[in-house]
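One structure below.
Only this structure's heavy atoms are used, side chains among them; waters, hydrogens and symmetry mates stay out. Numbered from 1 within each chain, the chains take letters A, B, ... in sequence-line order.
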Amino acid sequence: MLRYNPKNIEVKWQKKWQDDKIYLAIDFDPRPKYVMLTEFPYPSGAGIHVGHTREYTLGDVIARYKRMSGFNVLFPMGYDAFGLPTENYAIKNKISPIKATDDNIKIFEQQLLSLGLSIDWDRSFRTSDPNYYKWTQWLFLQFFKAGLAYQDETYINWCPFCKTGLANEEVVNGRHERCDTLVEKKLLKQWLLKITDYADRLIDGLSTVDYLPKIASQQINWIGRSEGAEIIFQVDESDVQIKVFSTRIDTIYSAACIILAPEHPLVDKITLITHKQAVKDYLISSQSKSDIERQDEKRDKTGVFTGSYAINPINQEKIPIWLADFILVGYGTGAVFGDIHDERDAVFMENHHIKATYSVLPKDKEKAKKVMSGELVFSGDGILVNSGQFDGLTSSVARSEILQFLVDKKLAIKKVNFKLRDWIFSRQHYWGEPIPIIHCVDHGPVAVPDDQLPVVLPSVDNYEPTENGQSPLSMIDSWVNTVCPTCGKPAKRETDTMPNWAGSSWYYLRYFDPQNDQKFADRKKLDYWQAVDLYLGGMEHTTLHLLYSRFWHQFLFDQGLVPTPEPYAARRGQGIILGPDGTKMSKSKGNVIDPTEVIRSGYGADSLRIAIAFIAPYDLTTAWNPEILGGTYRFLNRLWVLVHNFVEKQNYVIASEFDELSEKKVLSTINKLITKVTDDIEKMNFNTAISAQMEALNILYKLNYSDKKIKVEIWQSSLESFIKLLAPFAPHIAEELWHVLTNSTQSVHLSDWPKADVSYLTEDKITIVVQINGKWRANLTMPVNSQEKEVKNEALRHEKIAIILKDKTINRVIFVSDKLINFVI
RNA sequence: GGGCGAGUGGCGGAAUUGGUAUACGCGGUGGACUUAAAAUCCACUGGUCUCAACAACCUUGAGGGUUCGAGUCCCUCCUUGCCCACCA
């Protein structure tokens, strides 16, 4: 017998699978389809890490299981190739990003191959390929033509040290993650996508798909829908009106001031001459603060009085108008009424000695006293007081009645606000898809005609962003200068590129038809493959990539371009694998586990895959334990020995020597295992699927080495089933042992998933627990379906029970069929 | 501050509708094989009491509750993880 050595078998089978193309997904195949999608990687120079390995291995387990279960499985892989790390790498090493991407993808392919993934490589692509980004550009133009892509002046993050515009994701805690400089804001004209138009749809759509509840609630949270009212406050002795958004219109009687964001457009108009200087000083001081400084001063709420007053529409009271930089210009109307029932407002008003009264009291009398004495700021719902005709109403009733009252007078409207902002879609960087727009003096921004797509990213000498914040593309005059597609006059190309979220917003659709040069994907193929059945990815993409791609898809659905309203029928997120020391893996800490190193070290891909499946539930963050590999290797080795032993010395014995009890044990073990593993994979309980296989193997192993004789056919069929159950997890050793055991020419991965024989699932005899007052006292072995009477008699005859129950009165007997009997004394 | 989770041996973690808590694996101890080591195999491995075995009692972050019976359900508290955060 050869020793189990992964090196001898893994590369051999990987090559064979590639040559035979056994993992191809077939368009329009009559079998039911199953699309198993894992997030495609960013091909960085560092190669794959354990996080990739977890995601792709578990995706592969499901893909293989579904394939064996009769599905036409599509398990694709591509590369999210545009983005900053590659650009930075190219700048630093003075090589082209195209070359860097090429090199990195070669490494990735090699590494992914060594994991033994059942990917359909014929459908692979990278987002930086012009044949791909032609369609990213085309899809962008559909947004543009629908009025959902627009330009606006917005503040971008600007690093004054690097002299470059930054993407949000490069700003960590208000600093540029690379150089740690405090980030400033710079006003630039930018492209935005109107994701806010889809805010409600993005929430509602979640109820039609099967997402992990945590993921759905994070998206809902991020979108941040809040219902309230927009209320009109007339400025005293002026024709100016201020619109104020509030979710607490029930507290309007206690409005003690109006507070505007410093950037509010009406600031200039309402500031009295006598207050101009103070306001100007305040604006300068608040503008010079970076985001992080504003956050640092959470408790110190600064502000300035404008000199003007507003009229509270509910009671005609005159209240002062202030400016304060804790009010955000981007949310609601950029104005609030200051109110003692809001903790931030209360602090602000106290700081600036603005007189405030309460209008809502808690139901709890002790609490109410504290509110009245000013000891407590009450921000919850309660009962209205000091509120004229609305006194005595509960907050929720008052909200609708006061709103209606003001709506009737045309002083308020019902309004829904979202935290979600429009998606800033411009990047002033080189390594991204050029935005396919031409700016014409007469016609403004014009779409590049379809037949001129793709707008190919030109090669440049210098990939660095320019000092004025423009993309390096702006330096190439020959590329920038073009003609207007509408009038033919000289015009200039847009020089911004798209964010790296663009290519990943629709990539799953391209897997359905990766070569198409007429359309982003053929409709018939979309109809066949949509939607993605299961999407597995990192939790960190919940509010960016996952939300963005749902938005794109919903838009495409509205345009009639895709058949389903949602892209992903189900979404799960895998947990992070930490370093062995329990902290996040990082090069500087030296706790990085390199999966390819593990494979090369001699444990092999199968032991690694099993370890990943076994170490913890897939969605749990857990520390990597290198020693677990010893255990998973031993497990595979035991199976190797068992199968080879059986094949090499199966000895035929005469019928009378067979041990029926042992045979039954083998059959019940294997059939229970089939049920358990099938169920566990369906529920993604990979760790218990493995432990069940270990347990079963231990039983089979012992039986094999006992002197009990078991029929060859029973061993043969049981081992075949066992290998099939293992195949999704450890595809190489399963394939090898399958061929050793069966001499078949067909791959185990194309064989049928085993079905349990129910007749072996139930036992004739079962263990029944005897409890006294709920406490375990003894076990009984009884036939299945024994009646209460029989069990009770048997229990009372039990020596131990008899001793305890002597001289005691049984008040009650609780009987659970086939499980337990409990005497209450 | 808000939202969503999680607390079980030395460690990662099991535990159907509430029904023998600690499966499986790691680590540890003892043993077999070996000149020796590695590998492999066997036995033991939550705590207290006990020379030991049997038995008994205790044990799922803390405290209370519901129940014949609670890791599981309810309440209060503590600890901790992730995401968001001056969002009116």
Side-chain angles (χ1 to χ4, degrees), chain A residues 3 212-222 224-226 228 244-249 251 259 261 294-295 297-299 301 324-328 330-339 341-345 347-348 379 417-421 539-540 542-543 573 575-576 580 582 610-611 614-617 619-635 637-638 641 679 685 687-698 701-702 705 767-779 800 810-816 818-825:
Chain A
R3 252 188 95 238
L212 207 68
K214 189 177 167 183
I215 295 170
S217 84
Q218 247 177 57
Q219 291 214 341
I220 290 168
N221 220 355
W222 180 264
R225 181 189 155 98
S226 64
V244 165
F245 177 71
S246 176
T247 55
R248 291 298 306 275
I249 198 170
T251 67
I259 317 169
R294 281 200 190 187
Q295 278 166 28
E297 304 184 293
K298 249 182 197 172
R299 282 162 222 290
K301 302 228 181 302
D325 62 11
F326 75 94
I327 303 300
L328 307 172
Y331 184 75
T333 59
V336 302
F337 65 76
D339 163 20
H341 295 293
D342 179 289
E343 282 172 40
R344 291 150 309 172
D345 295 357
V347 170
F348 175 78
S379 57
N417 262 316
F418 298 93
K419 288 185 200 172
L420 184 71
R421 307 299 158 79
M539 284 302 297
E540 70 273 21
T542 297
T543 52
I576 300 164
I610 299 264
F614 179 59
I615 194 163
D619 56 345
L620 219 71
T621 295
T622 190
W624 180 250
N625 175 7
E627 279 167 338
I628 200 174
L629 285 161
T632 56
Y633 180 86
R634 273 190 283 279
F635 163 63
N637 187 43
R638 279 158 74 91
V641 170
D679 197 46
N685 295 332
N687 56 330
T688 51
I690 298 296
S691 66
Q693 292 188 45
M694 289 174 166
E695 233 172 325
L697 183 63
N698 289 343
Y701 207 78
K702 274 188 187 150
Y705 282 95
T767 305
I768 292 181
V769 172
V770 184
Q771 295 182 338
I772 291 172
N773 286 348
K775 195 155 187 64
W776 175 84
R777 290 295 156 174
N779 285 346
K800 214 175 129 185
I810 298 167
N811 294 330
R812 214 175 133 189
V813 178
I814 286 141
F815 176 74
V816 181
D818 289 343
K819 254 195 188 137
L820 66 85
I821 185 158
N822 184 13
F823 297 102
V824 184
I825 57 171

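- Within 4.0 Å (heavy atoms only), A:Val336 reaches at least one base atom of the nucleic acid.
- Within the 4.0 angstrom heavy-atom criterion, base atoms lie near A:Arg421.
- The aromatic rings of A:Phe326 and A:Phe348 lie tilted to each other, with the angle between the two planes from 30° to 60°.
- Searching all strands for a Watson-Crick or G-U wobble partner of B:A39 with both distances below 3.5 Å returns nothing.
- Here B:A23 sits opposite no nucleotide as a Watson-Crick or G-U wobble pair (both hydrogen-bonding atom distances under 3.5 Å).
- Side-chain contact of A:Arg3 with A:Asn637: a donor-acceptor pair under 3.5 Å is absent, judged by distance alone.
- Across all strands shown, A:Gln771 has heavy atoms under 4.0 Å from base atoms, whether or not it also approaches the sugar-phosphate.
- Across all strands shown, B:U79 forms a Watson-Crick or G-U wobble pair with B:A6, both key distances being under 3.5 Å.
- Atom name P, nucleotides B:C51 and B:C44: the rounded distance is 23 Å, in whole Å.
- Between the side chain of A:Lys419 and the base of B:C84, no donor-acceptor pair under 3.5 Å is found.
- Contact of A:Glu343 with B:G1 (side chain to base): no donor-acceptor pair of N or O atoms is detected under 3.5 Å.
- In terms of the salt bridge (Lys or Arg N to Asp or Glu O under 4.0 Å) criterion, residue partners of A:Arg225 (sequence neighbours excluded) are, by chain and number, A:Asp200, A:Glu227.
- Here, B:U8 and B:G47 have their C1' atoms 14 Å apart, quoted to the whole Å.
- At a threshold of 4.0 angstrom between heavy atoms, the contacts of A:Pro617 are confined to the sugar-phosphate backbone, with no base atom among them.
- B:U59 sits 15 Å from B:U48 when the P atoms are compared, rounded to a whole Å.
- Base pairing annotation: B:G1 forms a Watson-Crick or G-U wobble pair with B:C84, both donor-acceptor distances under 3.5 Å.
- Pair check for B:U48 finds B:A56; Watson-Crick or G-U wobble, both atom distances under 3.5 Å.
- Evaluation of atom-type donor-acceptor distances gives no pair under 3.5 Å for the side chain of A:Lys819 against the base of B:U20.
- Residue A:Asn779 is in base contact, counting any heavy-atom pair closer than 4.0 Å across all strands shown.
- A gap of 13 Å separates the C1' atoms of B:C26 and B:U45, to the nearest Å.
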